[in-house]
Each structure stands twice: as C-alpha cells, then as structure tokens.
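Start at 1 and go down the list; that is how both ligands and their atoms are numbered. In this text, all values refer to a predicted model and were calculated from it rather than measured experimentally.
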Amino acid sequence: MHVAVPRESAPGERRVAVVPEVLGRLTAAAIDVTIESGAGTGALHADDAYTAAGATVAPDWSTLFDGAAVVCKVQAPSADEAARLPEGSALVCLMQPATNLEMVKVLVTRRIGAFSLDLLPRISRAQGMDALSSQATVTGYKGALIAAERLPRFFPMFMTAAGTVPPAKVLVLGAGVAGLQAIATARRLGAVVRAYDVRPAARDEVKSLGASFVELELEMAEGQGGYAGEQTEEYLARQRELIGKEVAAADAVITTAAIPGRRAPLLVTGEMVRAMRAGSVIVDLAAESGGNCELSEPGHDVVENGVTVIGASNLASSMPIHASFLYSRNIADLLGLFVHDGEFSPDFDDEIISGTCVTFAGEVRHEATRQLLGEKP
Ligand code: NAD
C-alpha cells in the first residue's frame, strides 16, 4: 500500500504525519511512503533522513501522489488542497469535520475516503492510535511549563538564608489527558496543585499524581465513552459560583475542560479573573474551542487587572519532535488496520474504521457531519 505525506500548510504548524523512525514499522506492514520535500523540516527531520530510512522524497505535488492509496496529514487540508488530492484515494488526519464542512463537501465530490483521528472510538484496542491523547499529552505538559515560565513567582518552595518562599498554588480545571499531564508537570516543578473535573473517575487519577481534588457540591456527570456529558447553562453557572474561591486563591490556573463536538464550557468569567491577585496567570488550553475563560483569545495574551490570560494555540506543534513521533506511531497503527495483502482494503465491520470514517465513496458516513451539512440520514 502506497502512502503520500504532504507538507503541512496551516500557518505555524511544525508537525509532520510520518517521521523517519516509524518508516521501518510501515515497511514491515507492507506500506511504502513518499514524502513531500521539506515536510519534516518543522520537526527537524531532513529529507535525507527519510531517504535513509527507505522513503521516497517528492519535490512537490506533481509527483507526490503517484500511486498513492492513502494520504496522511496532521491537520485537515484546506478546501483547495482537498480538491487537488487524488480522486478515490483515502485521507487520514485530525480532520475536525464539524469545523471544516467546505472541505468535507470537496472530499465527497472527489470520492475520497476520509478518516478522522479525532473520531477514534476510545476502546482499548485503539489506544495505540489515539492521536487526541498523544497530542493532549504534549499540550498539557507545555501548558504547565508556560504557566511556570509566565508566573512572576517560583513554582517550588525555597528555603533560603534570605527567607522562605512558599510554593505556587496551581489549579487545574478539567483532568482528562491534558489536565493530568499538566498536573504531573506542575507537581514535578514543585507547585501545590488542586484540580477539578466533572467525571467521578478523575478524582483518583488526580490524587494518584499527588494533587488534591476539589470537592464541589455539584452532581458529577460522566457521558459516553469516558467523556464528560453535555452540561446545561444552569449547571455551569453553579459550577462557576462554587469554583470562584478556588480560582481567586490560585497563582496559576490551567484550564483544559472540553466536551467533544461542543463549545468548551465557560468556567472562569471576567469577574473571576478580576478577583485574582495581580501577577496571577491563566493558561487556557481550550482557547481554540471557545475557551474555558471568558477573556481568552486564541494565540494571544490578555492582561486584565495584572492577571495574564494566555489563550493557548496549537501547543502540540510547539514540541514538534515528540508530537510528530507520537502522532506517527498513532498513524502507523491505524494504517495497519487498512492494509490487507499489501492493498488498501478497509473493513467497515471494524468499529475503529467505521467510527473514524467521515466520507467514503461519495457519501458522508459520519452522522453528526451529515446533520451539519443538512443532509437527510
Ligand atoms: P476532553 O479533552 O474531551 O476533556 C477534557 C476534560 O474536561 C475531561 O476530563 C472532561 O471530563 C473535563 N470537563 C468537561 N466539562 C468540564 C467542566 N464543566 N468542569 C471540569 N471539567 C470538565 O477529554 P480527554 O482528555 O480527551 O479524555 C477524557 C477521558 O477519556 C480520559 O480522562 C479517560 O478517562 C478517557 N480516555 C480513554 C481512553 C481509552 O482508550 N480508553 C483514551 C483516552 C482517554
């Protein structure tokens, strides 16, 4: 099975879908790779490294897709790029179909089989392919580092001849994959960490990392597939009321709360920001999906009453070596499911394949996307 890997075109994107280290795995699974020249540059992988590991390097799109059954990317292609992908091929990426509907329409007309890693069912067999988790691990780690770097205080406690410095108080809201990684990183740096999540299962995970779980008089709710369930505005208003004191007492707040397919829940209002001490920092890891903090703007800092609100934007791309390495392993595992006797042959009875499929053979197969496009089931 032949796979093509284009250069990422989104501004600032430094990751690449396949790194040289995973080419051996792909070859062993009867998958060969052609990569666009320069695709690995952002992740510090030169064309030569790909050639040495057995890939072919194509100078541009004029030959990149020759014989390709599958195209692998990190981010969704633009609608223009989608129109230039080979008709009838397959596309694997973090597609976010709900926010890329024009591109989805192009994929349908070009009869491209589109498989989105953000729709992967979270079953144990799919863990090796779980790109949302691998990228969230990077995001959570980096989010904690940003909080430590931007806070005008120490994270750890210091006992010096000049006096004792107390440790920073960090509050993490949302203790999923990114939140737990942020907690672990902030703890390693010596902060005192408290955390909250609406899923009851998060309590023990938070405690196992040496953080305290914030108990709120609020019914906790787990939705489907290990995710949080959708919350009403009344619920969120009550949560904000209860969490207010915790936010005000924190030096740094790292927010990661998300509901799949929905706007991120609003947990920290402007008023709550103004009640924090000057010099405090909020790192909003949900800024790109609407923001957990009312004041956050993705990719920008907002300073309000001396409190800095950092709207994180694509943090995974800021650690491109390991983000790409983990993503490539996820891709390699998923591609292994597609290939049979060296041919692209997806088995739609497999829930991983049917669950990730957005479009196939000129149809939208993903129900939520079909509804957004106004198509009848
Ligand atoms: P996510 O990115 O969708 O959400 C991040 C966190 O925000 C979640 O823990 C969610 O419960 C929390 N959240 C939502 N609304 C909130 C609110 N109002 N207040 C506070 N927190 C709120 O989730 P995720 O990190 O991708 O994954 C969530 C969980 O899925 C994991 O912790 C794990 O239990 C499960 N998971 C399972 C697998 C698997 O393969 N079985 C893999 C990865 C994750």
Side-chain angles (χ1 to χ4, degrees), residues 94 96 98 116-141 143 171-184 194-209 211 213-244 246-247 250 253-269 272 282-294 312 315-316 326-327 329-330 333-334 351-352 355-356:
L94 284 164
Q96 300 190 308
S116 184
L117 279 160
D118 38 88
L119 301 177
L120 191 82
R122 279 176 147 181
I123 54 175
S124 40
R125 192 164 58 87
Q127 276 181 1
M129 309 166 198
D130 189 348
L132 282 185
S133 288
S134 70
Q135 303 307 292
T137 299
V138 181
T139 303
Y141 168 80
L171 176 67
V172 176
L173 297 177
V177 181
L180 291 174
Q181 195 52 240
I183 294 168
R194 292 173 64 73
Y196 179 73
D197 194 294
V198 286
R199 288 178 304 107
R203 182 184 280 115
D204 287 345
E205 292 166 347
V206 164
K207 289 184 179 168
S208 74
L209 293 171
F213 191 80
V214 174
E215 299 291 349
L216 298 183
E217 279 179 31
L218 201 62
E219 198 184 319
M220 296 174 96
E222 178 136 351
Q224 284 183 340
Y227 287 109
E230 204 182 347
Q231 298 137 14
T232 62
E233 192 34 55
E234 289 93 300
Y235 181 98
L236 289 172
R238 175 91 183 117
Q239 182 177 354
R240 288 191 289 267
E241 203 179 299
L242 294 171
I243 209 92
E246 294 283 340
V247 172
V253 178
I254 302 170
T255 65
T256 79
I259 314 283
R262 302 261 179 275
R263 186 204 180 285
L266 177 58
L267 306 181
V268 180
T269 60
M272 289 160 80
I282 296 179
V283 182
D284 189 348
L285 300 185
E288 284 177 321
S289 52
N292 291 142
C293 175
E294 191 175 19
L315 290 189
L326 297 172
Y327 186 76
R329 294 287 292 265
N330 299 144
D333 273 18
L334 182 63
E351 65 179 305
I352 297 177
T356 50

Determine whether more than 12 heavy atoms belonging to other residues, nucleotides or ligands lie under 6.0 Å from atom CD of E233. yes
With a heavy-atom distance limit of 4.0 Å, tell me whether S133 approaches ligand 1 through its side chain, its backbone, both, or neither. side chain
Would one find an N or O of R199, backbone or side chain, under 3.5 Å from an N or O of ligand 1? yes
Sub-4.0 Å atoms of ligand 1 with respect to non-hydrogen atoms of Q127: 39 (C), 40 (O), 41 (N)
L120 and its side-chain contact (heavy atoms from CB on, under 4.5 Å) partner, picked from T356, L132, L94: T356
For ligand 1 and L267, I'd like to know whether there is a polar contact (N/O to N/O, distance under 3.5 Å). no
Among T137, L209, T256, find the residue that satisfies the side-chain contact (heavy atoms from CB on, under 4.5 Å) test when tested with L180. L209
Would you check whether G176 has a nitrogen or oxygen atom less than 3.5 angstrom from a nitrogen or oxygen atom of ligand 1? yes
In ligand 1, which numbered atoms sit nearer than 4.0 Å to a non-hydrogen atom of Q231? 14 (C), 15 (N), 16 (C), 17 (C), 18 (N)
For L285, which of V172, L173, L315, N292 qualifies under side-chain contact (heavy atoms from CB on, under 4.5 Å)? L315
Start with the C-alpha distance between E351 and R125, add both sets of side-chain angles, then the distance that settles side-chain contact (heavy atoms from CB on, under 4.5 Å), and finish with yes or no. CA-CA 10 Å; E351 65 179 305; R125 192 164 58 87; 4.1 Å; yes
Please answer whether the main-chain N or O of A202 pairs with a side-chain N or O of D197 as donor and acceptor at a distance below 3.5 Å. no
Can I259 be said to touch ligand 1, with heavy atoms closer than 4.0 Å? yes
Backbone or side-chain N or O of L236 under 3.5 Å from ligand 1 N or O: no
Any non-hydrogen atom of A201 lying under 4.0 Å from ligand 1? no
At the 4.0 Å heavy-atom cut-off, does P265 count as touching ligand 1? yes
Hey, is L180 one of the residues with a heavy atom under 4.0 angstrom from ligand 1? no
One should read off an interatomic distance between L242 CG and Y196 OH, to the nearest 0.5 angstrom, of 8.0 Å
Under 3.5 Å: donor-acceptor pair, side chain of R240, backbone of L266: yes
Selected option - heavy-atom contact closest to atom 11 (O) of ligand 1, from T137, D197, D118, D130: D197
Start with the C-alpha distance between L326 and R329, add both sets of side-chain angles, then the distance that settles side-chain contact (heavy atoms from CB on, under 4.5 Å), and finish with yes or no. CA-CA 5 Å; L326 297 172; R329 294 287 292 265; 5.7 Å; no
Nearest heavy atom to atom 4 (O) of ligand 1, choosing from A126, A258, A175, belongs to A258
Kindly confirm or rule out an N or O of Y235 lying under 3.5 angstrom from an N or O of ligand 1. no
For ligand 1, which atoms sit closer than 4.0 Å to a heavy atom of Q239? 17 (C), 18 (N), 19 (N), 20 (C)
Under 3.5 Å between any N/O of R122 and any N/O of ligand 1: does that happen in this structure? yes
Keeping the roles fixed (side chain from D284, backbone from I254), state whether a donor-acceptor pair exists under 3.5 Å. no
